[in-house]
K.L.:
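Dumping the structure here so I can ask a few things about it.
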Amino acid sequence: MTFSGKTAASRTGGQAFARIVFDADTIAARVAELGREITAAYPDGDLLVLGLLKGSFIFLSDLVRQIDRPLQVDFLVAASYGAGTESSGEVRLLYDPETELEGRHILLVEDIIDTGRTLERLMELLRARRPGSIEICALLHKHIAAHLTYDARFVGFDAPRAFLVGYGLDHAENFRHLPYIASLT
Ligand code: IMP
Ligand code: MG
């Protein structure tokens with residue numbers, strides 16, 4: 001895939017990225033595999049796929065169409081305290097699923113795990129609702145932290161330690177709609 005061409009330039013407003021890290025075909029193939037892994041991991045029982053907005057919206061919509069079993073979908077909106085670019089580790093829920101979580105099998109879908117702090121706090125909040133089980137599926141994992149209390153059971157790709165955009169991931173709310181994942185730096 002190239003950076004030039006009408007589509008790329010018109011979608012990004014002319015912004016040039018350092019490189020495309022995962023192109024659309026590569027993402028689609030891996031998401032199909034993840035769907036098969038998840039289908040096999042949940043042989044029976046109910047399944048609630050819980051997407052963390054906004055970053056997971058494209059990944060989740062592709063992923064659920066590759067899961068070959070009954071399931072339900074809901075979303076969470078979480079916000080970190082503080083407006084810095086560094087993850088503060090303090091998380092609060094802005095939108096809480098109306099769905100009852102107690103006793104249910106939950107698959108939490110996240111765009112990218114960087115420090116892992118967001119998920120750490122979110123998992124504490126969700127576990128307090130006493131779900132039957134809770135697992136994490138992340139499209140991308142930067143493997144920054146030496147140890148995570150709650151790590152992802154399903155990971156799409158190991159990610160480089162660069163700032164990534166596209167396929168749901170943003171920089172200042174831009175670039176979420178790109179069909180590929182690119183590195184800004
Ligand atoms: P963590 O708490 O450090 O794991 O941060 C996770 C959140 O930070 C993700 O859900 C993203 O919203 C955001 N984030 C981390 N790395 C990137 C990146 O490379 N591009 C876009 N957003 C990112
Ligand atoms: Mg973000």
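Everything quoted here is computed from the prediction, not taken from an experiment. Each ligand, and each atom within it, is numbered from 1 in the order the structure gives.
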K.L.:
Determine whether more than 12 heavy atoms belonging to other residues, nucleotides or ligands lie under 6.0 Å from atom CZ of Arg69.
P.N.:
yes
K.L.:
If the test is ring pair (Phe, Tyr, Trp, His ring centres under 6.0 Å), which one of Tyr167, Phe157, Tyr180 qualifies with Phe22?
P.N.:
Phe157
K.L.:
Which of the numbered atoms in ligand 1 are below 4.0 angstrom from a heavy atom of Asp170?
P.N.:
21 (C)
K.L.:
Nearest non-hydrogen atom to atom 20 (N) of ligand 1 belongs to which of Leu164, Asp111, Leu140, Leu148?
P.N.:
Leu164
K.L.:
So does Glu37 pair up with Arg30, basic N to acidic O under 4.0 Å?
P.N.:
yes
K.L.:
Which bit of Val165 is near ligand 1, meaning a heavy atom under 4.0 Å away: side chain, backbone, both or neither?
P.N.:
neither
K.L.:
Side chain, backbone, both or neither: which part of His171 comes within less than 4.0 Å of ligand 1 when only heavy atoms are counted?
P.N.:
neither
K.L.:
Does Ala159 approach ligand 1 within less than 4.0 angstrom via side chain, backbone, both or neither, non-hydrogen atoms only?
P.N.:
neither
K.L.:
Tell me, please: is Gly55 in heavy-atom contact with ligand 1, that is, under 4.0 Å?
P.N.:
no
K.L.:
Between Asp46 and His105, do the side chains contain an N or O donor and an N or O acceptor separated by less than 3.5 Å?
P.N.:
no
K.L.:
Closer than 4.0 Å to some heavy atom of Ala162 - which atoms of ligand 1 meet that?
P.N.:
19 (O)
K.L.:
Counting from 1, what ligand 1 atoms have a heavy atom of Ile112 closer than 4.0 Å?
P.N.:
6 (C), 9 (C), 10 (O), 11 (C), 14 (N), 15 (C), 16 (N), 17 (C), 19 (O), 23 (C)
K.L.:
How long is the span from the CD1 atom in Ile38 to the CZ atom in Arg153, to the nearest 0.5 Å?
P.N.:
9.5 Å
K.L.:
For ligand 1, which atoms have a heavy atom of Thr118 less than 4.0 angstrom away?
P.N.:
1 (P), 2 (O), 5 (O), 6 (C)
K.L.:
Between ligand 1 and Lys142, can you find any atom pair, the residue atom being a heavy atom, that is separated by under 4.0 Å?
P.N.:
yes
K.L.:
Before you tell me yes or no, could you show the steps for Glu173 and Lys54 under salt bridge (Lys or Arg N to Asp or Glu O under 4.0 Å), namely the whole-Å CA-CA distance, both residues' side-chain angles and the distance that decides it to 0.1 Å?
P.N.:
CA-CA 9 Å; Glu173 295 302 326; Lys54 300 172 196 174; 3.0 Å; yes
K.L.:
Distance only, no hydrogens: is a donor on one side chain within 3.5 Å (strictly under) of an acceptor on the other, for Ser56 and Glu110?
P.N.:
no
K.L.:
Counting only heavy atoms closer than 4.0 Å, does ligand 1 sit against the backbone of Leu169, its side chain, both, or neither?
P.N.:
side chain
K.L.:
Identify, by atom number and element, the atoms of ligand 1 in contact range of Glu110, meaning under 4.0 Å from any of its heavy atoms.
P.N.:
10 (O)
K.L.:
Within a 6.0 Å radius of atom NE2 on His171, are there more than 12 heavy atoms belonging to other residues, nucleotides or ligands?
P.N.:
no
